[in-house]
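A short write-up of the structure that comes next.
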Amino acid sequence: MQRVVLHVDMDSFFAAIEERENPGLRGKAVVVCMLSGRSELSGSVSTCNYLARESGIKSGMPCSRAKKLNPDAVFLPVRKDFYKSVSDRVMEILRSYADSGESGDAFEQVSIDEAFLEVTERVGGDFGRAFELGMKIKEDVREKERLTCSVGIGPNKLISKMCSSAKKPDGITMVKPEDISGFLQPLKLTKLWGIGDVTAEKLQEMGVSTVGDLAEYDVIGLISVFGKNRGTWLKQASAGIDDSPVKEREGSEQIGRIATLPEDTLDPEMIYPLVDRLVEDVIAKLDARGLVFRVVTLTAINSNFRTHTKSRTLNHPVSDREILRQTAREILVEFLSESPVELRRVGVRVGGLQKRTGQTSLFDYGA
Ligand code: TTP
Ligand code: MG
């Protein structure tokens, strides 16, 4: 089957969250700063909204310089923990659209605001369906989190990653296998994902300035300059070839269990015993590995075989069975009231995993 991979990147993520939280910021240039605390505006720009970008403000530049470029911009300090909790919820939404493989979801969070989703199975290798799915994901994120994202769709990670930044903000870009060379060839080398300034400069000296030039360059010549691995990679990437799998990164792992109800039902009392059993299994796995969790996700597959997930992020990482049981039950009740279709299968999953250190929950007191 034709492989289809999606890459999703949130638009001006930290700044967009601040705008969402404070409607008074609408229509203003917003700059989020990592302040060093030495003096007012000593520090660098974490990100800014698209309006601020119009005055030339960019991530990484000193905040004082940003202030000079646009004195009317609103400068806000980063609130990393808060953005992380929003990110956790966004990632849960995105994850729910990824294929589920033998060893878990075919989902890879790349940073706080971007992720790859393998969707080959879900769309049956069809790019038309993949485009519809991309639109649906954008709608879902907008509806649930009031944030926009940009989506790239391609036959592998390399192409989908490059597509998602082709139209920003709020864009969707698709490159099918037959369109790869047309998409890649005119691009400047630094636009090829994985090529930095140093490699680009070296290639420039060799007379290579576009991805198309690189695709035509003799692989032996590339290997003699860059070594076997890097030389081969350059040649393949220039042709848009990338076989790397979409897979969970360390630290973004999830632990979960899913099981079928004795009969399809809408009655929480009938579902609780199964939820409790799943919770026991998840807790046993966490205990065995000495982990705490911060995100609880309930998966519900209804009698029409539609899968829904709903998550909640806790204030602190915990390892407690009661908290997991209560949270899973609450999410279930919430879910049933919003979507009254009989359930067939139910899953409980935890994420935001960390190694346990000392006291992890109220219930650990005196235990
Ligand atoms: P990006 O996705 O690179 O940037 P962005 O989401 O703000 O804007 P875009 O629409 O272009 O995707 O990074 C995600 C978040 O990571 C960003 O909102 C803030 C943070 N970040 C930093 O703190 N420092 C940096 O230098 C960069 C690039 C990002
Ligand atoms: Mg982004």
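Indexing begins at 1, ligand by ligand and atom by atom, following the structure's order. From a predicted model like this one, the values you see are computed outputs, not experimental measurements.
In terms of modelled atom types and a separation under 3.5 Å, the side chain of Lys136 and the main chain of Tyr97 share no donor-acceptor contact. Of the possible polar contacts, none joining the Asn49 side chain to the Gly27 backbone as a donor-acceptor pair under 3.5 Å is found.
Among all heavy-atom pairs drawn from Phe75 and Cys63, the shortest one is CE2-O, 3.9 Å.
Remark: Lys285 does not engage Asp281 in a salt bridge, criterion side-chain N to carboxylate O under 4.0 Å. Ion pairing of Glu248 with Arg95 is present here, as a side-chain N (NZ or NE/NH1/NH2) and a carboxylate O approach within less than 4.0 Å. A salt bridge does not link Arg321 with Asp287: none of the charged nitrogens is closer than 4.0 Å to a carboxylate oxygen. Ion pairing between a basic and an acidic side chain is recognised when a charged N comes within 4.0 Å of a carboxylate O; Arg325 and Glu280 show no such pairing. Between Arg79 and Glu21 no salt bridge is recorded (no basic side-chain N to carboxylate O distance below 4.0 Å). Salt bridge annotation for Asp9-Lys168: present, with a cationic side-chain nitrogen under 4.0 angstrom from a carboxylate oxygen.
Near Asp113, meaning under 4.0 Å from any of its heavy atoms, are these atoms of ligand 1: 2 (O), 6 (O), 13 (O), 14 (C). Of all atoms in ligand 1, listed by their number and element, those nearer than 4.0 Å to a heavy atom of Ser59 are 25 (C), 26 (O), 27 (C), 28 (C). Near Phe13, meaning under 4.0 Å from any of its heavy atoms, are these atoms of ligand 1: 5 (P), 6 (O), 7 (O), 18 (O). Applying the 4.0 Å criterion to heavy atoms of Thr47 picks out, from ligand 1, the atoms 5 (P), 7 (O), 17 (C), 18 (O), 19 (C). Residue-ligand proximity, Tyr50 to ligand 1, at heavy-atom distances under 4.0 Å covers atoms 9 (P), 10 (O), 11 (O). Listed by number with element, the atoms of ligand 1 under 4.0 Å from a non-hydrogen atom of Asp9 are 2 (O), 12 (O).
Ranking the protein heavy atoms by distance from atom 18 (O) of ligand 1 puts Phe14 N, 3.0 Å first. Among protein heavy atoms, the minimum distance from atom 21 (N) of ligand 1 is reached at Ser46 O, 3.5 Å.
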Test log, rule salt bridge (Lys or Arg N to Asp or Glu O under 4.0 Å), inputs Glu118 and Lys247: CA-CA 9 Å; Glu118 178 87 43; Lys247 63 169 195 292; over 6 Å; no
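Of the heavy atoms in Glu114, none comes closer than 4.0 Å to ligand 1. When heavy-atom distances to ligand 1 are checked against a 4.0 Å cut-off, Arg53 comes that close only through its side chain, counted from C-beta outward.
Atom CD1 of Ile180 is separated from atom CE of Met162 by 10.5 Å, given to the nearest 0.5 angstrom.
For Pro169, the heavy-atom gap to ligand 1 stays at 4.0 angstrom or more. Taking 4.0 Å as the cut-off, Tyr83 does not count as a neighbour of ligand 1 on heavy-atom distance.
Between Ile112 and ligand 1, a contact under 3.5 Å exists for no N or O pair.
Nearest to the Mg ion (ligand 2), among the N, O or S atoms that Asp113 has, is OD2.
Distances from atom 24 (N) of ligand 1 to the protein include at least one heavy-atom value under 4.0 Å.
Put simply, Asp11 stays out of reach of the Mg ion (ligand 2), with no N, O or S atom under 2.8 Å from it. At a cut-off of 2.8 Å, Asp9 is counted among the residues with an N, O or S atom near the Mg ion (ligand 2). Under 2.8 Å from the Mg ion (ligand 2) lies no N/O/S atom of Ser12, from backbone or side chain alike.
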